[in-house]
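To start, the structure itself, in structure tokens.
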Amino acid sequence: MNSRCRIDGCNQDRVIHRTVCSKHRYRLSTWGDPHFTQWGTADPLDVELIVTEQRPAEGLTRLERVLVARGLTERQVPAAEVARIVGVDKRTVHRWRSQDRQKQAA
Ligand SMILES: [Zn+2]
């Protein structure tokens, strides 16, 4: 019995009584498109998974990179490691962090 998500290239287990995994179900229910991504959108499941597993990820939207970096920073992950995981320059991570600090201070 096939219990994998029906989306091509996805090897996640599907949600019970569904034909797709939780990530694709979220995208379908939110945007009606399992492949929907654009720079200003973020998939909270992706972000949470990357922050939790701290593994390098490709194909992130710009907003997802910012959110992952923020989540990793909250977990005291060093900037160099954050930069490696989200695939940006270390200076970019420092810039995001100072922007966040300014927002919090405002
Ligand atoms: Zn899937």
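If you read the sequence from its start, that first residue is 1, and numbering goes on from there. Whatever order the structure lists them in is the order used to number ligands and atoms, beginning at 1.
Ion pairing between Asp46 and Arg27 holds under the 4.0 Å rule for side-chain N and carboxylate O.
Interatomic distance, Arg84 CZ to Glu81 CD, rounded to the nearest 0.5 Å: 4.0 Å.
Residues meeting the side-chain contact (heavy atoms from CB on, under 4.5 Å) test with Glu53, sequence neighbours left out: Leu49, Arg55.
Annotation: side chain of Lys103 is in contact with side chain of Asp100 (closest heavy-atom distance under 4.5 Å). No side-chain heavy atom of Arg4 sits less than 4.5 Å from a side-chain heavy atom of Cys10.
The distance cut-off of 2.8 Å around the Zn ion (ligand 1) captures these protein N, O or S atoms, sorted by chain and number: Cys5 SG, Cys10 SG, Cys21 SG, His24 ND1.
Under the 3.5 Å distance criterion, the side-chain polar atoms of Arg65 are matched with a main-chain donor or acceptor of Val86.
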